[in-house]
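First the structure, in the form of structure tokens, and then the observations on it.
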Amino acid sequence: GESALKLLARSKPDVVLLDIQMQPLDGFSTLLRLKNDNPRLPVVMYASSENITYLARAMALKAQGVAYKTDTRARLISVLKHAAPGAETW
């Protein structure tokens, strides 16, 4: 989380793929800080499983969508390409 925030302060990515289960700053806390600093930055949350609570939190915090660690590479690339211009990928 903290290292992602530092990296993003120096770069301008088209889209961010953010793991929900990072430590010590989890993905949702990182997302909140990212969106406060860069409200237009497209962020896709990366989850280990389909969890309605994760979906609800990601939506509430203005993520563009969720990708799953079980997704195929093609699906992950598709989600990121769709989210990069700001489209939602729910």
For L31 and L18, the nearest pair of non-hydrogen atoms, with its separation, is N-CD2, 3.7 Å

What are the two closest non-hydrogen atoms of V66 and A58, and how far apart are they? CG2-CB, 4.0 Å

Rounded at 0.5 Å granularity, tell me how far CG in L80 sits from OH in Y46. 9.5 Å

Closest non-hydrogen atom pair between S11 and L7, with its separation: OG-O, 3.0 Å

Over all atoms of both residues, closest heavy-atom pair of A67 and V44: N-CG1, 3.7 Å

When hydrophobic residues are tied together by side-chain contacts of less than 4.5 Å, even through go-betweens, does V16 share a cluster with L61? yes

Within this structure, what is the CG-CG distance for the pair L5 and L34, rounded to the nearest 0.5 Å? 5.0 Å

To the nearest 0.5 Å, atom CG of L32 lies from atom CG of D26 at 10.0 Å

Distance from L25 atom CG to T30 atom OG1, nearest 0.5 Å? 3.5 Å

I'd like to know if the side chain of D19 and the backbone of M22 have a donor-acceptor N/O pair within less than 3.5 Å. no

Take atom NZ in K69; do more than 12 heavy atoms of anything else shown fall under 6.0 Å from it? yes

Sidechain-backbone polar pair: K35 side chain, L41 backbone, donor-acceptor under 3.5 Å: yes

Backbone N or O of V43 within a donor-acceptor pair of the Q64 side chain at under 3.5 Å? yes

D37, CG: over 12 other non-hydrogen atoms inside 6.0 angstrom: yes

Smallest heavy-atom separation, R75 atom then T89 atom, equals NH2-O, 4.5 Å

Any idea which heavy atoms bring P13 and L8 closest together, and the distance? CG-CD2, 3.3 Å

In this structure, OH of Y68 is separated from CG of N51 (nearest 0.5 Å) by 8.0 Å

Enter the distance from W90:CH2 to M59:CE here, rounded to the nearest 0.5 Å. 5.0 Å

